[in-house]
Structures are given as C-alpha cells and as structure tokens.
Amino acid sequence: MAPIASMKPAGSDSPSPIYAWSERPLPFTVAVLSGDDELATTEVERGADRGVLAAETTVAEEGFVGRLWMPPDGVDVRTPAIVALGGSEGGLGTFLWGWALAGEGYPVLEVAYFDGDGPDLAGLPDDLADIPLEYFAGAVRWLGPQPDVDPRDIWTMGASRGSEAALLVGAEFPGLVAGAIGLSPANVAVCRPPRCEGPV
C-alpha cells in the first residue's frame with residue numbers, strides 16, 4: 001500500500017508529505033506498464049464503506065470530549081476496545097483510526113484533551129499543558145460499560161505527544177487498561193515547542 005498511502009491530491013502545494021485521508025471510500029485504478037504496453041490492471045478501493053457508527057461526547061455531558069466509533073450492527077460478543085489519543089495537533093485528530101478499527105470490529109473512543117488549532121471544543125484547555133491523567137482515566141472508565149466492549153481489555157493508543165499520555169495512563173492505572181500502544185513516542189517527557197516553560 002506504500003504507493004497509495006504516500007499519494008497527495010493533485011495540485012497540492014503543501015510542503016508537508018502528510019495527507020489526511022477522509023473516511024469516504026476512494027477508488028483507484030492500478031496498472032502495470034512496460035513502455036506503451038499495459039501488462040495488467042486492477043481496481044482497488046481504499047476505505048470501503050464499513051457501516052461504522054459514530055457518536056460524540058462533551059465535557060459537560062461525560063467529563064471529556066470524545067467520539068465513539070462502534071462496529072457495524074451484528075457484533076454479538078464483547079471485544080477489545082481502544083482509547084485513541086492524537087498528538088500536538090489537538091482536537092479530535094484520530095478519526096481515521098476510529099473509522100478503520102471499528103470497521104474491523106473494535107470499538108474506539110477518540111479523545112481530545114486540548115483544543116489545538118482546530119474547531120473550538122468547549123471545556124478543553126487551549127494549550128497542551130497541565131492535562132491531568134485522571135481525564136484520560138475517566139474516558140477509559142466511561143468506555144468500559146459501552147455495548148460490545150470488554151471492560152477487561154481496553155487499550156490506550158496514542159501518536160506522537162498522545163503516546164506519552166497513552167503510556168502514562170497504562171503505567172499509572174495498570175488495573176484500568178490492558179495495555180498501551182505508543183506510535184512515535186518520545187523516550188523522555190518534553191515540552192510543547194515553542195513554549196517550553198513549566199510542566200506539560
């Protein structure tokens with residue numbers, strides 16, 4: 001999938017090599033050419049409609065801002081579930097994880113813990129600073145009794161700065177989570193550039 005995963009929209013002038021795919025299915029035609037001869041061709045679809053369901057929470061209602069991604073109807077057993085934490089972009093930035101993993105049968109609670117540069121999320125701090133671990137623990141506790149979720153098999157998963165929270169929750173609340181997954185984690189606690197005064 002590397003050639004497809006590294007693609008960007010035609011005409012994009014963004015210097016960033018990162019392109020955030022949408023949850024909308026996207027068809028591709030892949031062809032193998034030798035000179036002017038077409039040797040083989042096939043049609044593939046990235047992100048087929050998986051029938052997943054999404055519902056949002058707010059700080060005022062549940063104590064955290066999140067989006068719950070559930071597998072399609074028909075899942076009759078309690079399964080492992082994931083609390084997904086984005087990085088220094090802030091907001092709800094892990095929708096592709098939720099959409100993709102729920103499509104494979106795993107409930108995912110996407111949790112925002114500060115606003116970042118996205119839309120205003122009432123009740124969240126503007127900056128990534130002084131976020132209590134209990135905030136994430138509350139989200140894990142909320143996820144446990146949800147339909148299809150095995151409360152003994154909930155994992156935290158974070159990317160970049162979110163991996164720090166995911167790993168810390170796993171270390172500080174070992175009876176609450178089954179494990180923690182860090183994607184591009186740091187090996188030390190770091191500040192959020194360019195503001196590096198005070199604790200994170």
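Below, each value reflects all heavy atoms present in this structure, side chains not excepted, and no hydrogens, waters or symmetry copies.
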Discussion item. Starting from Ile82, can I reach Leu167 by hopping between I/L/V/M/F/W/Y residues whose side chains sit under 4.5 Å apart?
Written reply: no

Worksheet, complete the sentence: CZ (Arg161) and CD (Glu89) are apart, to the nearest 0.5 Å, by 11.5 Å

Worksheet entry | Glu110/Trp69 under side chain to side chain donor-acceptor pair (under 3.5 Å): CA gap, chis, key distance, verdict | CA-CA 8 Å; Glu110 176 187 2; Trp69 297 86; 3.0 Å; yes

Practice prompt. Work out which heavy atom in Arg78 is nearest to a heavy atom in Val149; give both atom names and the distance.
Written response: NH1-O, 2.5 Å

Discussion item. To check you understand the geometry: which heavy-atom pair defines the closest contact between Gly87 and Ser160, and what is its length?
Written reply: CA-CB, 4.4 Å

Worksheet, complete the sentence: Sorted by chain and residue number, the side chain to side chain donor-acceptor pair (under 3.5 Å) partners of Trp155 (sequence neighbours excluded) come out as Asp153

Worksheet item: Taking all atoms of both residues into account, what is the closest heavy-atom pair of Ala166 and Ala180, and its distance?
Response: O-CB, 3.4 Å

Worksheet entry | Separation of Thr79 OG1 from Tyr106 OH (nearest 0.5 Å) | 7.5 Å

Fill in: Over all atoms of both residues, closest heavy-atom pair of Pro107 and Pro80
CD-O, 3.5 Å

Response to the item:
Rounded to the nearest 0.5 angstrom, the CD1-CH2 distance for Ile154 and Trp142 is 10.5 Å

Worksheet entry | Close side-chain approach of Thr41 and Thr29, heavy atoms under 4.5 Å | yes

Discussion item. Consider side chain to side chain contact (heavy atoms under 4.5 Å, CB included). Of Leu143, Val83, Thr156, Leu92, which one does Val111 pass it with?
Written reply: Val83

Worksheet entry | Steps toward side chain to side chain contact (heavy atoms under 4.5 Å, CB included) verdict (Val169, Glu172) | CA-CA 5 Å; Val169 171; Glu172 292 296 319; over 6 Å; no

Worksheet, complete the sentence: Of all heavy-atom pairs linking Gly158 and Ser163, the shortest is O-CB, 3.3 Å

Worksheet item: What distance separates Glu62 CD from Leu109 CG, expressed to the nearest 0.5 Å?
Response: 10.0 Å

Fill in: Nearest-0.5 Å distance that lies between atom OH in Tyr135 and atom CG in Leu124
4.5 Å

Worksheet entry | Close side-chain approach of Asp127 to Phe114, heavy-atom, < 4.5 Å | no

Item to complete: Over all heavy atoms of both residues, which pair between Leu85 and Ala165 is shortest? Give the atoms and the distance, please.
Response: CD1-CB, 3.8 Å

Worksheet item: Can you tell me how far CG of Asp150 sits from CG of Asp148, rounded to the nearest 0.5 angstrom?
Response: 11.0 Å

Fill in: Step-by-step side chain to side chain contact (heavy atoms under 4.5 Å, CB included) determination, Val32 to Glu38
CA-CA 6 Å; Val32 178; Glu38 185 176 288; over 6 Å; no

Worksheet item: Can Ile131 be reached from Leu168 by stepping across I, L, V, M, F, W or Y side chains whose heavy atoms are under 4.5 Å apart?
Response: yes

Discussion item. Tell me every residue that passes salt bridge (Lys or Arg N to Asp or Glu O under 4.0 Å) with Arg141, counting only those two or more places apart in sequence or in another chain.
Written reply: none

Worksheet item: Is it true that Phe136 and Tyr113 have ring centroids separated by less than 6.0 Å?
Response: yes

